[in-house]
Number of protein chains: 2
Amino acid sequence: MTDAALHIHPTGHDHAACVDEALETAETLCVERGARLTPLRRRVLELVWSSHRPVGAYDILGRLDGSARKPAPPTVYRALDFLIEHGLVHRIESMNAYLGCNHPEQSHTGQFLICRECGNVTEMDDDDVRQTLRRKAAERGFDARSQTVELVGLCATCRAG
Amino acid sequence: MTDAALHIHPTGHDHAACVDEALETAETLCVERGARLTPLRRRVLELVWSSHRPVGAYDILGRLDGSARKPAPPTVYRALDFLIEHGLVHRIESMNAYLGCNHPEQSHTGQFLICRECGNVTEMDDDDVRQTLRRKAAERGFDARSQTVELVGLCATCRAG
DNA sequence: GTATGGCCTGATACACTGTATCATACTACA
DNA sequence: TGTAGTATGATACAGTGTATCAGGCCATAC
Ligand SMILES: [Zn+2]
Ligand SMILES: [Zn+2]
Ligand SMILES: [Zn+2]
Ligand SMILES: [Zn+2]
């Protein structure tokens with residue numbers, strides 16, 4: 001599972017540490033909330049975190065295949081639903097794919113920066129942006145309850161390279 | 001979709017005028033640009049404009065059926081690609097559906113206010129929002145080239161009603 | 001200890017969304 | 001008229017997501 005293709009993040013950071021931290025945070029959070037991070041859900045979360053690029057549900061499904069049984073689509077989607085509900089994973093709407101969140105403490109919807117070159121996605125989670133959108137919508141009489149913000153462009157690394 | 005979402009609230013506006021204007025603007029624009037707004041593309045645009053709610057590709061496909069021949073999916077998707085390319089239609093990523101644009105003069109990507117009650121969607125196209133997002137992304141070294149902004153909430157009418 | 005109820009997973013089948021590919025028809029222009 | 005480019009028809013398939021029912025696991029109550 002240490003597929004090199006999954007670790008092409010150009011910053012050369014220690015991604016194993018990202019995964020470890022994400023899993024540990026998830027454990028802690030679920031204990032606090034009385035939510036059950038079952039082995040399956042934990043495994044799905046780990047697979048979502050296999051890189052900083054969004055992962056498709058069927059990619060996850062395929063990689064779960066290594067286990068004894070061959071799970072079916074609902075298995076993955078249910079696990080993803082759980083993880084999303086607890087803020088551990090975000091869905092990238094424009095890609096039909098899923099991305100791990102690295103600060104799931106408070107539930108939120110971030111803003112996503114999608115690099116069209118390397119495919120990496122980073123989350124902004126900027127409160128100014130959130131408030132600006134809320135206000136601009138309110139000026140038009142619209143009460144915004146959830147926000148989807150996804151920007152496509154070039155990340156710092158790919159601009160430099 | 002819930003029953004409520006299927007209900008178009010009675011804003012009482014003359015929607016036939018919306019459609020007429022949209023089609024006329026499209027005609028003009030395509031002539032200016034040397035683009036060919038063929039009967040099929042015009043019909044698809046008309047169907048997208050059948051309401052202020054995003055329309056699915058297969059909904060369009062179904063309604064095209066009234067014609068002599070029964071078109072296939074690629075027919076609709078190609079027409080939609082053309083319309084999107086010319087800014088006449090936007091794709092709502094979070095709904096896998098398509099919405100007519102009422103100011104397609106300059107190509108743009110707007111911000112969409114999606115009412116979860118009535119399903120109507122209005123476009124903001126606010127330059128402050130656009131610039132704020134560009135700037136915030138740039139602060140993180142990210143060069144944003146396109147933006148997807150979709151807010152879900154309650155429209156003015158549904159809040160009042 | 002057993003029963004009950006809730007939650008999690010397995011499994012089948014299907015619905016919805018979008019694309020690859022090749023063939024045919026139409027348009028514009030030389 | 002011939003030809004190149006564009007638009008549509010048609011078939012088949014790929015990718016994404018859900019409905020539904022059945023079985024398994026675990027905690028609490030009796
Ligand atoms: Zn990492
Ligand atoms: Zn990049
Ligand atoms: Zn209207
Ligand atoms: Zn509404």
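Since this is a predicted model, take the numbers as computed values, not measurements. Naming: A, B, ... by sequence-line order, numbering from 1 per chain.
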message = Under 4.0 Å from OP1 or OP2 of C:dT17: is there any side-chain N or O of B:Tyr98 that close?
response = no

query = Looking only at N and O atoms, is any donor in the side chain of B:Arg78 or the base of D:dG9 less than 3.5 Å from an acceptor on the other one?
reply = yes

request  = Could you identify which residues of residues 27-42 of chain B place a heavy atom less than 4.0 Å from some atom of DNA chain D, listed by residue number, or say none?
outcome  = B:Arg36, B:Thr38, B:Leu40, B:Arg41

query = Over how many whole Å does the gap from B:Leu61 atom CG to D:dT8 atom C1' extend?
reply = 14 Å

key: Where B:Cys155 and A:Phe142 come nearest, the two heavy atoms and their spacing   = CA-CD1, 3.6 Å

ask   = More than 12 heavy atoms of other residues, nucleotides or ligands under 6.0 Å from CD of A:Gln131: is that the case?
value = yes

request  = Determine whether more than 12 heavy atoms belonging to other residues, nucleotides or ligands lie under 6.0 Å from atom CD of A:Glu117.
outcome  = no

request  = Rounded off to whole Å, could you give me the CG-to-C1' distance for the B:Leu80 and C:dG18 pair?
outcome  = 11 Å

query = Does the ring of A:Tyr58 lie flat against the base of D:dT16, closer than 5.5 Å centre to centre with planes under 30°?
reply = yes

inquiry  = Centroid distance below 5.5 Å plus an interplanar angle below 30 degrees: do B:Tyr77 and C:dT19 meet both conditions?
reply    = no

request  = Mark yes when over 12 heavy atoms from residues, nucleotides or ligands other than B:Glu139 sit less than 6.0 Å from its CD; otherwise mark no.
outcome  = yes

inquiry  = Do A:Thr148 and A:Glu93 pair up side chain to side chain, a donor and an acceptor below 3.5 Å, judged on atom types alone?
reply    = no

message = Check this one for me: any side-chain N or O of B:Arg91 less than 4.0 Å away from OP1 or OP2 of C:dG18?
response = yes

Atom-pair distance (CD1 on B:Ile60; P on D:dT8), nearest Å = 14 Å

task = Map B:Ala72 and A:Met95 onto DNA chain D by nearest heavy atom, then report which one ends up closer to the 5' terminus.
result = B:Ala72

ask   = B:Lys70 NZ to D:dA10 C1': how many Å, rounded?
value = 13 Å

request  = Please check the phosphate of D:dG9 (OP1 and OP2 only) for any side-chain N or O of B:Thr75 closer than 4.0 Å.
outcome  = yes

remark   = In whole angstroms, the gap separating P of D:dG17 from CD of B:Glu93 amounts to 12 Å

request  = Starting at atom CG of A:Asp81, determine the distance to atom P of D:dT18, rounded to an integer number of angstrom.
outcome  = 7 Å

ask   = In terms of ring plane angle, is the pair B:His15 and B:Trp49 parallel, tilted or perpendicular, where the classes change at 30° and 60°?
value = tilted

ask   = Does a side-chain heavy-atom distance below 4.5 Å link A:Gln147 with A:Arg134?
value = yes

message = In this structure, how many angstroms lie between the P atom of D:dG15 and the CG atom of A:Asp59, rounded?
response = 10 Å

